[in-house]
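Shown next, in structure tokens, is the structure this report addresses.
Owing to the predicted nature of the structure, the values given are computational and were not obtained by experimental measurement.
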Amino acid sequence: MLYSEEDLLKLLNNAGLTALKCDFYKDANRVDLETDDIKVIIDYAKANQIKHIFYCYEYMDEDDYILDEDELILTLPKDPLTHPLDYEEYADDFLKLAQKDIANYKSSVRSIDFNKPIRLVIICVHNGMMITIHTMESQAKKLQLPEMFIKSLYSKYYATLTQRRAARWLEIQSQKETILKELKDTILSDSEFAKCTSHSKRLSYIKDLLNRPESQRFRKVFSSEIGNVIWYDASNFVDKLYSEIKNKNM
């Protein structure tokens with residue numbers, strides 16, 4: 001039979017026993033009481049005629065809470081479900097959304113006196129069992145490490161980031177289609193293109209066209225993320241365009 005907590009406390013109290021709620025056993029010789037009331041462990045020590053109590057103070061390391069946006073932004077996941085955009089632009093969107101949160105985090109860190117302890121651990125040893133109580137300064141309780149803080153912000157702004165990236169991707173696609181339409185019209189108005197009867201001639205033609213200074217806007221639609229032209233895509237474009245012309249003239 002599994003007693004409810006209420007029934008268990010009644011049973012123990014009626015038996016004249018004092019119940020101390022603890023965390024799950026971390027090992028066979030230690031329990032952590034689920035309270036930060038030091039009087040609880042003092043009363044336990046008195047009731048069991050324990051004369052010695054151990055304690056220690058813990059301090060926060062200020063360096064652990066330095067939030068470097070440029071470094072931590074690299075830990076953001078590159079979400080495969082959203083449209084692929086330039087990562088710097090994506091990171092910039094995130095930082096703009098989280099600007100106030102980050103400022104508040106840094107302000108919280110500055111308000112902490114790292115020369116003072118933030119946690120007190122009280123330890124009572126009884127019959128080989130180590131019984132502990134942890135108390136922590138309230139402000140430090142709420143403060144996350146920078147890595148966890150950035151991840152929580154990513155979760156907070158995930159939906160907004162996704163919507164912005166999708167909208168931006170659609171905008172880019174629209175711009176690309178406009179540029180390709182302009183490129184198509186430019187090529188069709190050039191009588192030299194009709195003479196490019198082989199794949200190699202058409203590849204040579206598009207290379208010459210895209211390498212012209214005035215054709216940089218066309219070049220971008222065939223470029224990779226690092227700016228190099230993907231000539232396979234460019235040659236496919238002119239091959240399909242030539243096929244359209246040929247089919248119309250048949």
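- Residue Val121 is not grouped with residue Met129 when hydrophobic side chains (ILVMFWY) are merged at heavy-atom distances under 4.5 angstrom, including chains of intermediate members.
- Contact check for Met130 versus Asn29: no side-chain heavy atoms found under the 4.5 Å cut-off.
- The only option from Asn236, Thr197, Asp239 that meets the side-chain hydrogen bond (donor to acceptor under 3.5 Å, both in side chains) definition with Arg202 turns out to be Asp239.
- One hydrophobic cluster holds both Leu180 and Leu210 under the rule that ILVMFWY side chains link at heavy-atom gaps under 4.5 Å.
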- prompt: Please walk me through it: do Ile102 and Leu153 pass side-chain contact (heavy atoms from CB on, under 4.5 Å)?
  reply: CA-CA 9 Å; Ile102 291 172; Leu153 290 185; 4.0 Å; yes
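- Two residues are said to be in side-chain contact when any heavy atoms from C-beta on lie closer than 4.5 Å; Lys184 and Phe237 meet this criterion.
- Nearest heavy-atom pair across Cys196 and Tyr205 is SG-CB, 3.8 Å.
- With sequence neighbours excluded, the residues satisfying salt bridge (charged side-chain N to carboxylate O under 4.0 Å, His left out) with Lys156 are Asp101.
- Looking only at side-chain heavy atoms (C-beta outward), Met136 and Asp36 stay at 4.5 Å or farther from each other.
- The two residues Pro146 and Ile66 have their closest heavy-atom pair at CG-O, 3.6 Å.
- Side-chain atoms of Leu209 and Leu183, non-hydrogen and from C-beta on, do get closer than 4.5 Å to each other.
- In terms of modelled atom types and a separation under 3.5 Å, the side chain of Ser198 and the main chain of Lys201 share a donor-acceptor contact.
- Note that CZ of Phe114 and CG of Asp64 are 8.5 Å apart. Values are rounded to the nearest 0.5 Å.
- Under the 3.5 Å distance criterion, the side-chain polar atoms of Asp61 are matched with a main-chain donor or acceptor of Asp63.
- Classification of Lys96 and Asp92 as a salt-bridged pair holds, one side-chain N sitting under 4.0 Å from a carboxylate O.
- Rounding to the nearest 0.5 angstrom, the gap separating the CD1 atom in Ile179 from the OG1 atom in Thr186 is 11.5 Å.
- A distance of 11.0 Å separates CG of Asn104 from CD of Gln99, quoted to the nearest 0.5 Å.
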Give the table of side-chain donor-acceptor pairs shorter than 3.5 Å for residues 45-59, with sequence neighbours excluded, one pair per line with atom names and distance.
from	atom 1	to	atom 2	distance (Å)
Asn48	ND2	Tyr44	O	2.8
Glu58	OE1	Arg119	NE	2.9

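- Contact record, Val221 with Lys176: O-CE, 3.6 Å, taken as the closest heavy-atom pair.
- At a threshold of 4.5 Å between side-chain heavy atoms, the hydrophobic network of Ile, Leu, Val, Met, Phe, Trp and Tyr places Ile38 and Val125 in two separate groups.
- Side chain of Tyr105 to main chain of Gln144: a donor-acceptor pair is present (N/O by atom type, distance under 3.5 Å, no hydrogens or angles).
- Hydrophobic clustering of Ile, Leu, Val, Met, Phe, Trp and Tyr side chains at less than 4.5 Å, counting indirect connections, keeps Ile230 apart from Ile206.
- Using a 4.5 Å heavy-atom threshold, the side chains of Glu137 and Ile112 count as separate.
- Residues passing the salt bridge (charged side-chain N to carboxylate O under 4.0 Å, His left out) test with Arg219: none are found, sequence neighbours excluded.
- Taken to the nearest 0.5 Å, the NZ atom of Lys100 stands 12.0 Å off from the OG atom of Ser107.
- The line from CD1 of Ile122 to CG of Leu33 is 11.5 Å long, rounded to the nearest 0.5 Å.
- Here the shortest heavy-atom pairing between Ile150 and Leu67 reads CD1-CD2, 4.5 Å.
- Classification of the Phe94-Tyr154 ring pair by plane angle, with boundaries at 30° and 60°, yields tilted.
- A 4.5 Å side-chain heavy-atom check between Asn211 and Val229 finds every atom pair outside the cut-off.
- A salt bridge is defined here as a Lys NZ or Arg NE, NH1 or NH2 lying under 4.0 Å from an Asp or Glu carboxylate O, and Arg217 with Glu182 meets this definition.
- Cluster annotation: Leu95 is connected to Val109 through the hydrophobic network of ILVMFWY side chains, with a link wherever side-chain heavy atoms come within less than 4.5 Å.
- For the atom pair CG of Asp93 and OH of Tyr157, the computed distance is 13.0 Å after rounding to the nearest 0.5 Å.
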